[in-house]
Amino acid sequence: GGRLIPRFIAFADGVRRNRRQIVKGYERVLAARLADARFYYREDTAVPLERMAGRLAGIVWLEGLGTLADKSSRIGELGSWIAAAWRPDDAALASDVRRASLLAKADLASEMVKDGKEFTLLQGYIGREYARVSGESEEVCEAIFEHYLPRFSGDRLPRSDAGAVVALADRLDTISGCWMQGLEPTGSQDPYALRRGALGILRILLEREMLLDLPAAVSRSLGLFESGAGRSGRGRGEIEAGIRDLFTQRLTTILRGEGYDYDIVSAVLSAPWRLPGGVTAMVRRLQEIRAEGSMQGFALAMKRVANILAKEHRRPVSAAEGDEALAVLAGRADASFDRALFGEEAEGMLLSAARETAEGLLALGAAGMGRAVDLLAGLAGPVNRYFDDVLVNCDDRAVRANRHAFLLTLSRMVGSFCHFPAIVAEQGEGQ
């Protein structure tokens, strides 16, 4: 029932005789250990937890990245940003996150935990108990404990909203700081457990169905550090790309572990994804389309758009390119192609279909990303009609360049959601 009972379990190898004396020996050791714990508890609870948090300014977190007080401050700022992005009108959540962030690391300065004592594994747990003694709200107390969750593979996730937000902010701060200092994982070496931290972030976002722009959160986290470049001299963009790759690798592991086809996972993750939940929804829908037997025509139509472009334009698109293409085709930005040079009916039909699709994609919002695949699938017919009726590489140089510019814009819009060339051809599919 979650309550302590006056029992303990011990292991002794090959016990045959003197069992009673062995038990007494264990009891003496345990009694001394509990006496130490009682002493530390009394010392620690003699001061409010907030005053204990003030001692963090004298404890270095990582060389070059300040103290634990600095880390707590960054967690508070990033946590507030995450809370506002996730629940913009939830003032109670914002307040709990700020308070929990201030106190989350306080127990690392306690007599119970600091200096490598045998009670260091109580971090978070004892912080929650000290917060209760100090009169903090139960929401803040739970967040202090839960921000360490999940601690290992298969561990439970934070149940409270504030605990989830502070857990995300803490892990993002650790990953960002380590990357700036050149302490990212290499091969089998991961001394700061950054892979586990990234997996924890993804599990929280996916299993709690939190709609958070993860690359934006990473950028925000990096911006809270004093320097924009890491110890290795790498620029901000290179650091962000490295962290993005970390999350892409972990998300690939999650999706492949759930049985999704490798090429579908690769195609979606090769696009400039933002929402882990949106990635999962799109992968699931593409897998359903494949199971229905209708992937062949859909994917081939999308590939035809990319295949006619120059090689340098067949790569995965960037987020900026995808956003610009969406805006152009939705009529919200100037186009690099001229509608007046469209001479075939199929050209106008595809442009109209692309505009309708772009408007639908922009209207989806974060919660509807899974429907993006169905909107894109509606382009298959107009795309095939276009290539049946229009000679893209015609003799007229201006018309040819205009058609390439239009198809490049269309390809970038499609590629901002899924890099279809990565999808393996179905049996019998043409090139």
Side-chain angles (χ1 to χ4, degrees), residues 213 215-216 219 235-237 240-241 244 267-268 270-275 278 282 301-369 371-421:
D213 186 328
S219 180
R236 173 80 168 267
E240 287 189 21
R244 181 185 180 84
V268 176
S270 294
W273 61 271
R274 294 183 174 93
L275 306 169
M282 292 188 70
M302 299 300 103
K303 290 179 183 181
R304 292 180 78 178
V305 176
N307 287 346
I308 202 166
L309 300 173
K311 276 189 176 181
E312 61 267 23
H313 296 312
R314 298 180 194 176
R315 56 170 174 75
V317 304
S318 67
E321 290 170 338
D323 289 343
E324 181 183 9
L326 265 171
V328 167
L329 291 174
R332 303 182 185 183
D334 294 334
S336 58
F337 56 88
D338 186 355
R339 173 69 176 82
L341 292 178
F342 285 9
E344 303 287 344
E345 181 183 3
E347 291 182 277
M349 290 178 61
L350 180 55
L351 177 59
S352 296
R355 175 158 296 173
E356 182 179 349
T357 300
E359 291 171 348
L361 291 170
L362 289 171
L364 278 180
M369 291 303 296
R371 290 186 51 234
V373 175
D374 296 304
L375 290 175
L376 294 172
L379 289 172
V383 165
N384 289 329
R385 169 77 184 277
Y386 180 93
F387 283 105
D388 289 343
D389 294 356
V390 177
L391 180 61
V392 176
N393 293 318
C394 62
D395 293 333
D396 189 314
R397 182 178 299 177
V399 172
R400 181 171 69 248
N402 193 62
R403 288 172 177 170
H404 276 268
F406 168 59
L407 291 175
L408 176 59
T409 304
L410 180 62
S411 177
R412 285 178 172 173
M413 181 189 75
V414 172
S416 66
F417 294 89
C418 178
H419 183 56
F420 282 94

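Everything numeric here is computed off the predicted structure, so don't read it as measured data. No hydrogens, no waters, no symmetry mates; every other heavy atom, side chains included, goes into these values.
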Spacing of [X] atom [atom1] and [Y] atom [atom2] [to the nearest 0.5 Å]:
X	Y	atom1	atom2	value
Asp213	Ser219	CG	OG	9.5 Å
Cys418	Met282	SG	CE	6.0 Å
Leu329	Leu350	CG	CG	9.0 Å
His313	Leu407	NE2	CG	11.5 Å

When the side chains of residues 391-399 are checked against the rest of the protein, which donor-acceptor pairs come out under 3.5 Å, sequence neighbours left out?
residue, atom, partner, partner atom, Å
Asn393, OD1, His404, NE2, 2.7
Asp396, OD1, Ala398, N, 3.0
Asp396, OD1, Val399, N, 3.2

Residues in side chain to side chain contact (heavy atoms under 4.5 Å, CB included) contact with Ser336, at least two apart in sequence or another chain: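 Ser336 satisfies side chain to side chain contact (heavy atoms under 4.5 Å, CB included) with Ala405, Thr409 once adjacent residues are dropped.
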
Just wondering, do Val317 and Pro272 contact through their side chains at under 4.5 Å, heavy atoms?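 Yes. Closest side-chain heavy atoms under 4.5 Å.
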
Quick check: do Met349 and Phe342 have side-chain heavy atoms less than 4.5 Å from each other? no

Is the number of heavy atoms from other residues, nucleotides or ligands within 6.0 Å of CD (Glu324) greater than 12? no

Asn402: what forms a side chain to side chain donor-acceptor pair (under 3.5 Å) with it, not counting sequence neighbours?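 Residues passing side chain to side chain donor-acceptor pair (under 3.5 Å) with Asn402: none at all.
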
Treating Arg412 as the side-chain partner and Ala320 as the backbone partner, does any N or O pair qualify as donor plus acceptor under 3.5 Å?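 Not a single qualifying donor-acceptor pair exists.
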
Sub-3.5 Å donor-acceptor pair from the side chain of Arg314 to the main-chain atoms of Leu309, do we have one? yes

Sort and list the pairs that fulfil side-chain hydrogen bond (donor to acceptor under 3.5 Å, both in side chains) and have at least one residue in residues 339-364, not counting sequence neighbours.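 Every pair satisfying side-chain hydrogen bond (donor to acceptor under 3.5 Å, both in side chains) with a residue in residues 339-364: Glu347-Arg403.
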
With sequence neighbours excluded, tell me which residues meet ring pair (Phe, Tyr, Trp, His ring centres under 6.0 Å) with Phe420.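 Listed in chain order: Phe298.
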
Parallel, tilted or perpendicular: which describes the rings of Phe406 and Phe337, with under 30° parallel and over 60° perpendicular? perpendicular

Considering all heavy atoms of both residues, which atom of Arg274 and which atom of Ala319 are nearest to each other, and what is their separation? NH2-CB, 3.7 Å

Which heavy atom of Met413 sits nearest a heavy atom of Ala358, and at what distance?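 So the minimum-distance heavy-atom pair works out to SD-CB, 3.7 Å.
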
Could you pull out every donor-acceptor pair under 3.5 Å between side chains of residues 375-389 and any protein atom, sequence neighbours left out?
residue, atom, partner, partner atom, Å
Asn384, OD1, Arg304, NH1, 3.0
Asn384, ND2, Ala380, O, 3.2
Arg385, NE, Asp389, OD2, 2.4

